[in-house]
Amino acid sequence: MKDIFHSVKLIEENCKGCTKCMINCPVEAVRVKNSKAVIYTDRCIDCGECIRVCPYNAHVAEKDETFNIENFKVKIAIPSVTLYTQFGDYINPVIINEAVKSLGFDEVYDITYACDIVSEITRKEISKVPKPAISPFCPSIVRLINESYPELMEHVVKVLTPIEVAAYLIRDKYRKLGYNDEEVGVIFLTPCVGWITKIKNTQLDSKSQINGSIAISDVYSKIIKFINKNNKNIDANESASMSCTGLRWATTGGQSFSMHIKEHIEVDGVKNVIRVLDDIEKGKFDDVDFIEAHACTGGCLGGILLVDNPFNAKRIIKKYCVQLNFTNRFNRINEKYQKDFLSDVYTKASKGLRLADDFESAVKKMKYMNEIINLLPGIDCGQCGSPSCKAFAEDVVRGFSTLDECIMLKKGEK
Amino acid sequence: MHDEYIKLHYDVLSGDYIRGGEASSSLKKALMQLGINNSVIRRACVGCYEAEMNIVIHSLGGEIEAVIYKDKIEITAKDRGPGIENINLAMQEGYSTASEEAREMGFGGGMGLPNMKRSSNNFYIESVLGEYTLIKMIINID
Ligand SMILES: Nc1ncnc2c1ncn2[C@@H]1O[C@H](COP(=O)(O)OP(=O)(O)O)[C@@H](O)[C@H]1O
Ligand code: SF4
Ligand SMILES: [Mg+2]
């Protein structure tokens, strides 16, 4: 089986088998086997919840080590909009970008420009998918829909994300300057593991414009040192033309705000998103125009690879909006871009929850599964290493667990 | 011929807005586990949910049975009354007698029965005033 890549890794020697991750995983992708957590990779959506809840730092974000920045002639960084919120106050974006450059980049791309383009295109594309349209931005949410709500995939708006649009524009520019694509390295500074995974996986599909990603938390201390050293030397008049609508993409609701969409639902946290998706599936929300869903609480500001408290970061965004008070306006987007910025939302035909490849075998397994469920006490004690009695029954018919792992059944036999 | 099938059964309580929707959620999960195709899942889910919520909102309680075959899904919803006086009227888009409470919770758009009909290949409704309402939906799997 071709496995897709994931960015959540388990350090076995740290794991004490405490079951916290198993209980908290919103998609039931974690089991505990022989007192160690095991992630079922075909279910994991890279939301990072296990990293968040693990008391022993056993779940960690895996670094993207597929690239070596030194191999590129020109090195361009695309910082996530969240980066600008991480320093406890309004800091002139010029100095933050200089700090990023000092990490070894030649250019730092202003992603808020790409955000504004995407807002404009999305507004037009929303009507081309069934209501309610769903934002394609958060990779963990798109993965969740693909795995557990495949029939809702057609609701996902078919537009590239600002990160991909930024990469496209950068490549376009350097091609015109006479560079080969291989000479240009485009690196995303990411707030979350979801993006590390998405970038790595699109590279496997070999059409990615982005060469890799770096966790913001990994470069934070260098950036803040640079800022502290140089902040006073900067000319206050020299200011980046960042847009505040673009910056708001960092928060839940920022996309809808930038697109002026009135009838929208903004939701964050995987469990909350699941409640909304469940309702869409039942035919509710047919009158809602747009669903803006983020895996992380607070939107990308809640990303696991950021440093500052997301709610404080939100306060800082407001400060930026006061200072910048600027939005890129695109009266007309050039036709080529309008077309090139559309996307086939990343999907990989998934086996999803299927018990077997053919109907007859699946029915047999389901009958057996239901028999097991009737045997089990239904107390979801977790001792078997599955998150619930129902999940355990499913694990047994899938061959991941054996019935004798249930201590309650064993007791009953005596 | 149809010896391979899965039968699911749910009791639906009158006025239970909180748990209402569980039948269609578990039906959806079962359909996914059986590998049924996406658009069929969507239609079954919508039809089942509307039937389920009608039992919650308009009836004294009842039950839903779903039988999944290789080539079709049969959903049967039966309640214990009060029945529907004028079925033709009830079938009209926008017609609703939902209570104030139900409306406050976002129900009562009068689209439930029409949506059930639209979602299924075969739709049957029968009702005896003072006794029961029975709905049968067949959704073909192609
Ligand atoms: N199970 C039922 N028992 C009694 N009356 C029903 C039942 N289902 C539907 N009805 C009647 O038919 C009407 C239309 O139903 P429906 O199309 O689902 O719209 P809504 O549920 O929004 O009112 C209801 O308002 C109610 O008067
Ligand atoms: S909400 Fe933002 S930070 Fe969190 S997983 Fe999605 S894209 Fe990443
Ligand atoms: Mg109804």
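Computed from a predicted structure; not experimentally measured. Residue numbering restarts at 1 for every chain, and letters A, B, ... go by the order of the sequence lines. Excluded from the calculations below are hydrogen atoms, water molecules and symmetry mates; all remaining heavy atoms, backbone and side chain alike, are included.
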* Structure fact -> Closest heavy-atom pair, A:P150 versus B:N38, reported as atoms and distance to 0.1 Å, is CG-OD1, 3.4 Å
* CD/B:E126: more than 12 non-hydrogen atoms of other groups inside 6.0 Å -> yes
* Is atom CG of B:L89 surrounded by more than 12 heavy atoms (other residues, nucleotides or ligands) closer than 6.0 Å? -> yes
* To do: Nearest 0.5 Å please: distance from the OG atom of B:S39 over to the CD atom of A:E154.
  => 8.5 Å
* To do: Using a strict 4.0 Å threshold on nitrogen-to-oxygen distance, state whether A:E281 and B:K28 make a salt bridge.
  => yes
* Asked: Can you find a heavy atom in the side chain of A:M366 that is under 4.5 Å from one in the side chain of B:Q33?
  -> yes
* To do: Count the heavy atoms belonging to other residues, nucleotides or ligands that lie under 6.0 Å from NZ of B:K7, then report whether that count exceeds 12.
  => no
* NZ of B:K70 to CG of A:D358: how many Å apart, nearest 0.5 Å? -> 7.0 Å
* Check whether more than 12 heavy atoms from other residues, nucleotides or ligands sit under 6.0 Å from atom NZ of B:K136, and answer yes or no. => no
* Asked: Salt-bridged, B:E50 to A:K282, with N to O below 4.0 Å?
  -> no
* Asked: Any side-chain heavy-atom pair from B:R42 and A:L152 closer than 4.5 angstrom?
  -> yes
* To do: Determine the minimum heavy-atom distance between A:V363 and B:I6, stating which atoms define it.
  => O-CD1, 3.8 Å
* Is it true that the NZ or CZ of A:K284 lies under 6.0 Å from the centre of B:Y49's six-membered ring and within 45 degrees of the ring axis? -> no
* List the steps and the verdict of side chain to side chain contact (heavy atoms under 4.5 Å, CB included) for A:F359 and B:I68. => CA-CA 10 Å; A:F359 183 78; B:I68 309 160; 4.2 Å; yes
* Check whether B:I36 gets within reach of chain A through its side chain, its backbone, both or neither, counting any heavy atom under 4.5 Å. => side chain
* From CD1 (A:I280) to SG (B:C45), nearest 0.5 Å -> 12.0 Å
* B:K29 and A:E394 ion-paired at < 4.0 Å -> yes
* Asked: Of all of B:L34, B:N115, B:V46, B:V40, which one pairs up most often with chain A through heavy atoms under 4.5 Å apart?
  -> B:L34
* Whether over 12 other heavy atoms sit under 6.0 Å from A:F257 CZ -> no
